[in-house]
2 protein chains.
Amino acid sequence: MRLSTRARYGLRLMMDLGLHEGKRPVLLKDIAREERISEKYLGQIIIPLKSHGLVATRRGSRGGYVLGRPSAEIRIGEIVDALEGDLGLQDATGEQAVAEGPGELVSRDFWEGLGRAMRLYLDSQTLQDLVTRLKSIRKEPAQDAHYVI
Amino acid sequence: MRLSTRARYGLRLMMDLGLHEGKRPVLLKDIAREERISEKYLGQIIIPLKSHGLVATRRGSRGGYVLGRPSAEIRIGEIVDALEGDLGLQDATGEQAVAEGPGELVSRDFWEGLGRAMRLYLDSQTLQDLVTRLKSIRKEPAQDAHYVI
DNA sequence: TTTAAATACTACTATTATACTAGTATTAAT
DNA sequence: ATTAATACTAGTATAATAGTAGTATTTAAA
């Protein structure tokens, strides 16, 4: 159960947009450079974020991306949903367990509980929360820098 | 972020073993029939459970599988760990983020928090808890049976 | 009105993981 | 010896991941 790069890159993308909230649209090129992620790949990742209204765009020259809503009103869970397409830990088959045994029932309940626990955490923080943390780190730069030998 | 069948089947497998705790070893064949899962595939899935000491075996005729420890002392998190090989949502690359930007740092912390939330839930219940639920369902059978049209 | 700068779209691809299946070897009770 | 079981090894089809590449479209500004 590994998190996809889509979700990880996408969150950092959103944080970058949050960092420039209220300012001019941000270029994908700049985010790509800042986060050291392929610009083309970011272009793919941002599509579901747009379609979920989390990101707004201005096309053409002087264009770029801005947040679709205030960062304080965007829960991280929404971002993850957009990128992972709802984190259904379950089968998610439409065929609806025709003849479900007791083992399946109990374990399904258990996994649904896990899903609820995850959702609770993901919805407990807003994009603004992360951006605030990001800003504070940028102010006090190499405070606890760790050197890799 | 979908749960693998390994984890789902494996949990049901462990529940079946828990159901027969203190009795004779259980045949893989019987579990396969009960849970409607390929016996050969279960044979693969049970390997990491053995190597983690969660399952003990008796080979040869009249052999089979038993729990490696009392069900009350097995947290579900241990089962998931054995099957998913530790749920590192992160990169888990050994190369240790040579030059980590602030965005990476903040988002990494966030994902680690998610991992902790998941672990908290997974470790909050023991195998015995699930087996107890399983038994109670078996006693009051079609109480709230749901018919699929 | 042209040009340049940007996003939008479409298609392809290499690699890896998943979810199995099959066959043979080994063990141990009877 | 025979039989009933697990243990091991190797393969495979499918799908998802993580991209890359190229072209089309839009729009501000010169």
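Only this structure's heavy atoms are used, side chains among them; waters, hydrogens and symmetry mates stay out. Every chain is numbered from 1, with letters handed out A, B, ... down the list of sequences.
The residue among Y41(A) and E39(B) whose nearest nucleotide of DNA chain D is located toward the 5' end is E39(B). Position along DNA chain C of the nearest nucleotide to I47(A) versus R58(A) favours R58(A) as the more 5'-ward residue. Annotation: of the two residues near DNA chain C, G63(A) and R6(B), the 5′-most nearest-nucleotide partner is G63(A). Residues R62(A) and T5(A) each lie close to DNA chain D; by heavy-atom proximity, the contact nearer the 5' end of the strand is made by T5(A).
If you take CG of L83(B) and P of dT18(C), they are 12 Å apart, rounded to a whole angstrom. We find that CG of L28(A) is positioned 14 Å from C1' of dC9(C), with the value rounded to whole Å. To the nearest angstrom, P of dC9(C) lies 13 Å from NZ of K40(A).
Under a cut-off of 6.0 angstrom, the local environment of CZ in R75(B) is crowded, with over 12 non-hydrogen atoms contributed by other residues, nucleotides or ligands.
Using a 4.0 Å heavy-atom cutoff across all strands shown, L27(B) reaches sugar-phosphate atoms only and no base atom. Contacts of G43(B) with the nucleic acid, taken as non-hydrogen atoms under 4.0 Å apart, are absent.
A salt bridge links R12(A) to E35(A): at least one charged side-chain nitrogen sits closer than 4.0 Å to a carboxylate oxygen. Salt-bridge formation is detected for the pair E104(A)/R36(B): a Lys NZ or Arg NE/NH1/NH2 atom is positioned less than 4.0 Å from an Asp or Glu carboxylate oxygen. Remark: R119(B) engages D81(B) in a salt bridge, criterion side-chain N to carboxylate O under 4.0 Å. By the 4.0 Å N-to-carboxylate-O rule, R69(A) lies close enough to E78(A) to be salt-bridged with it.
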Problem set entry | Candidate pair E34(A) and R138(A), rule salt bridge (charged side-chain N to carboxylate O under 4.0 Å, His left out), full reasoning | CA-CA 13 Å; E34(A) 168 78 13; R138(A) 296 195 137 194; 2.8 Å; yes
For this session: Show the numbers, then the answer: is there a side chain to side chain donor-acceptor pair (under 3.5 Å) between S4(A) and Y9(A)?
Result: CA-CA 9 Å; S4(A) 66; Y9(A) 292 174; over 6 Å; no
For this session: Quick one: do I46(B) and L13(B) satisfy side-chain contact (heavy atoms from CB on, under 4.5 Å)? Show the steps, please.
Result: CA-CA 8 Å; I46(B) 211 168; L13(B) 167 63; 3.7 Å; yes
For this session: For the pair T126(B) and D129(B), evaluate side chain to side chain donor-acceptor pair (under 3.5 Å) and give the outcome as yes or no after the intermediate values.
Result: CA-CA 5 Å; T126(B) 67; D129(B) 296 331; 3.3 Å; yes
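Across I74(A) and M14(A), no two heavy atoms sit closer than the pair CD1-CE, 4.2 Å.
Along DNA chain D, the stretch of nucleotides lying under 4.0 Å from any heavy atom of chain A spans, 5' to 3', dA18(D) to dA29(D).
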Check nucleotides 12-17 of chain C for protein N or O atoms closer than 3.5 Å to its own N or O atoms and list the pairs.
none

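In the helix from dT1(C)-dA30(D) to dT30(C)-dA1(D), the terminal helix axes, each the rotation mapping four pairs' C1' atoms onto the next four within five end pairs, subtend 10°, rounded to 10°.
Cluster membership check: M15(B) shares its hydrophobic cluster with I137(B), using side-chain heavy-atom separations under 4.5 Å among Ile, Leu, Val, Met, Phe, Trp and Tyr.
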